[in-house]
Engineer: 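Just dropping this structure here.
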Amino acid sequence: MGNASDTSVVFVSSISKEHDLLMGSLYSIFCILSLLGNGILLLVAYRKRLSLKPAEFFIINLSISDLGMTLSLFPLAIPSAFAHRWLFGDIVCQVYAMCGVLFGLCSLTNLTALSLVCCLKVCFPNHGNKFSSFHACLLVVGVWCYASVFAVGPLAEWGRYSAEPYGTACCIDWQAPNHELSALSYIVCLFLFCYALPCTIIFFSYTFILLTVRGSRQAVQQHVSPQTKTTNAHALIVKLSVAVCIGFLGAWTPYAAVAMWAAFGDATQVPPAAFALAAIFAKSSTIYNPMVYLLCKPNFRKCLYRDTSTFRQRICRGSPQPDQKEHFGSTLQRNNKDVSISTRFSNGQQESHGACLHCSEDGVQCQSTTPQRTARILTGSTHSEVTVSQLPAKLQADLL
């Protein structure tokens, strides 16, 4: 970076204080939303880890990379933006830039792998059904290795990391290709293999999926197979993956365009505010994945709602007393037996015989409001439902 005076000049913000304050405020909002969203998504994934589909491994990996970007970039970028200069020196600048490239490329490569897996499952189901969790884990490891090659490159003198043109963050030195051949080759490879190629694969994968689904929609509607439920689950993952890809590419494309302008055009003509605005869009990508999957994926949403309800009930009720524990255990055991009997006698819908929400402190009211077992009686073409206690004693004994 040169001597101390050169470093201090580079690390001073080149945009107005008002723009820096706005950037710091937006980064703070992104940081909070990303921590909450990705943290909750990982918690939900952990709770349903035994039922995760192979394609959902990439969703989890994307959340991990987003969370890594949040924890490594925002704590440094926010105070620097408010201070109107980079606060942490050249070495931290190098690490900051490497983390930004690593987690950013990991997210894009992860979305590319997810698009290929979705295409395999929808367009080539005979091969897609053989795709297992082990294969997904291997691909996830490959994603991190691929991103690491380009993240470590500038540290090994292939390319270079430096301060952003606006002065309060660090990334790849986009002006270096104007006077360094190694930096030029790095930028070219980065653009071809880490942006153009992934975007092309994503586009053609989802286009092929769309054509396949449209061509087979009528056949699926006419011939419902036992795999319809699984097919619908795959279709939902495809739709949500497309939404995440659009959001991610929409966030990073402005930065890629400005970076290519600086690398292959006249870097002095690129306003620092353009880099600052593009960086804001790029860092907003960390909040799209949890928003899409937590709000739109039914099994994630149901799991989150169930955990939230359980937590809220524990807070409202408090921990049970020792004498209540024994009563609750006996009641739960009796109710579990009632569920199995009710399923045999009634319409196949299991009844919820858990603890009553309107119990008094001593639990007496729960005993008097336990749901009754029912039986369905078929007479000709009509049927009626009565409680088991209303049946003759002999018929009760036969049923039980």
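Quantities reported herein were computed from a predicted structural model and do not represent experimental measurements.
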Engineer: Of all the heavy-atom pairs spanning P198 and T112, show the shortest one and how long it is.
Structural biologist: CB-OG1, 3.2 Å
Engineer: If hydrophobic clusters are built by linking Ile, Leu, Val, Met, Phe, Trp and Tyr wherever their side-chain heavy atoms come under 4.5 Å apart, do I29 and L76 end up in the same one?
Structural biologist: yes
Engineer: How far apart are the closest heavy atoms of A251 and P254, and which atoms are they?
Structural biologist: O-CD, 3.6 Å
Engineer: Where does the angle between the aromatic ring planes of F150 and W158 fall among parallel (under 30°), tilted (30 to 60°) and perpendicular (over 60°)?
Structural biologist: tilted
Engineer: Apply side chain to side chain contact (heavy atoms under 4.5 Å, CB included) to the pair V117 and F131, showing each step before the final yes or no.
Structural biologist: CA-CA 8 Å; V117 171; F131 188 82; 3.7 Å; yes
Engineer: Looking at S25, S13, S80, which one forms a side chain to side chain donor-acceptor pair (under 3.5 Å) with D20?
Structural biologist: S13
Engineer: Working to the nearest 0.5 Å, report the span between CG of D66 and CD1 of I287.
Structural biologist: 10.0 Å
Engineer: Short question: side chain of N110, backbone of C106 - any donor-acceptor pair under 3.5 Å?
Structural biologist: no
Engineer: Run the side-chain hydrogen bond (donor to acceptor under 3.5 Å, both in side chains) check on W144 and S65 step by step: do they pass?
Structural biologist: CA-CA 9 Å; W144 284 98; S65 64; over 6 Å; no
Engineer: Mind running side chain to side chain contact (heavy atoms under 4.5 Å, CB included) on F82 and S28 for me, showing each step along the way?
Structural biologist: CA-CA 11 Å; F82 285 131; S28 300; 4.1 Å; yes
Engineer: Under 2.5 Å between the sulfurs of C93 and C170, yes or no?
Structural biologist: yes
Engineer: With heavy-atom distances below 4.5 Å as the criterion, would you say the side chains of F103 and L73 are in contact?
Structural biologist: no
Engineer: Could you label the plane-to-plane angle of the W86 and F88 rings as parallel, tilted or perpendicular, counting under 30° as parallel and over 60° as perpendicular?
Structural biologist: perpendicular
Engineer: Do I15 and M23 make a side-chain contact, defined as non-hydrogen atoms from C-beta onward lying under 4.5 Å apart?
Structural biologist: yes
Engineer: Please report the interatomic distance CD1(I246) to OG1(T253), rounded to the nearest 0.5 Å.
Structural biologist: 11.5 Å
Engineer: How close do P271 and W261 get, counting heavy atoms only, and between which atoms?
Structural biologist: CD-CH2, 3.9 Å
Engineer: Please evaluate residues F11 and L87 with respect to the criterion side chain to side chain contact (heavy atoms under 4.5 Å, CB included), reporting the C-alpha separation (whole Å), side-chain torsions for both, the decisive distance (0.1 Å), and the verdict.
Structural biologist: CA-CA 8 Å; F11 286 156; L87 298 174; over 6 Å; no
Engineer: Under a single-linkage definition using a 4.5 Å side-chain heavy-atom cutoff for Ile, Leu, Val, Met, Phe, Trp and Tyr, are V152 and I91 assigned to the same hydrophobic cluster?
Structural biologist: no
Engineer: Indicate yes or no: at least one non-hydrogen side-chain atom of W174 is less than 4.5 angstrom from one of V258.
Structural biologist: no
Engineer: Which distance, rounded to the nearest 0.5 Å, do you find between the CG of L210 and the SG of C119?
Structural biologist: 11.5 Å
Engineer: How many angstroms lie between atom CD1 of I64 and atom CD1 of I59, to the nearest 0.5 angstrom?
Structural biologist: 12.5 Å
Engineer: May I ask whether L138 and V141 are part of the same hydrophobic cluster, defined by side-chain heavy atoms of I, L, V, M, F, W, Y residues being less than 4.5 angstrom apart, directly or through others?
Structural biologist: no
Engineer: At their closest point, which heavy atom of T70 faces which heavy atom of P75, and how far apart are they?
Structural biologist: O-CD, 3.2 Å
Engineer: Do you reckon L67 sits in the same ILVMFWY cluster as I32, going by side-chain contacts under 4.5 Å, direct or chained?
Structural biologist: no
Engineer: Determine whether I172 and Y186 make a side-chain contact, defined as any pair of heavy atoms from C-beta on separated by less than 4.5 Å.
Structural biologist: yes
Engineer: Quick one: CZ on F134 to CG on L139, what's the gap to the nearest 0.5 Å?
Structural biologist: 10.5 Å
Engineer: Taking the side chain as C-beta and beyond, is there a heavy-atom pair between F193 and L105 under 4.5 Å?
Structural biologist: no
Engineer: Does S34 reach the main-chain N or O of C31 with its side chain, forming a donor-acceptor pair under 3.5 Å?
Structural biologist: no
Engineer: Are the side chains of V101 and Y161 in touch, meaning some heavy atoms are under 4.5 Å apart?
Structural biologist: yes
Engineer: Sequence neighbours excluded, which residues qualify as side chain to side chain donor-acceptor pair (under 3.5 Å) partners of S63?
Structural biologist: N38
Engineer: Are L192 and L184 connected in a single hydrophobic cluster, I mean Ile/Leu/Val/Met/Phe/Trp/Tyr linked by side-chain heavy atoms less than 4.5 Å apart?
Structural biologist: yes
Engineer: May I have the step-by-step check of side chain to side chain contact (heavy atoms under 4.5 Å, CB included) for F208 and F124, ending in yes or no?
Structural biologist: CA-CA 11 Å; F208 198 19; F124 307 97; 3.6 Å; yes
Engineer: State, yes or no, whether a side-chain contact exists between I202 and Y206 at a heavy-atom distance under 4.5 Å.
Structural biologist: yes
Engineer: If you take all heavy atoms of S14 and P272, which pair is closest and at what distance?
Structural biologist: OG-CB, 3.3 Å
Engineer: What I'd like to find out is whether the side chain of W252 reaches to under 4.5 Å of the side chain of F281, using heavy atoms alone.
Structural biologist: no
Engineer: Could you grab the distance from atom CD1 of I60 to atom CG of L42, nearest 0.5 Å is fine?
Structural biologist: 7.5 Å
Engineer: Is the side chain of R47 donor-acceptor paired with the backbone N or O of V44 at a distance under 3.5 Å, no angle test?
Structural biologist: no
Engineer: Quick check: closest heavy atoms across S72 and Y96, and the distance to 0.1 Å?
Structural biologist: O-CD1, 4.1 Å
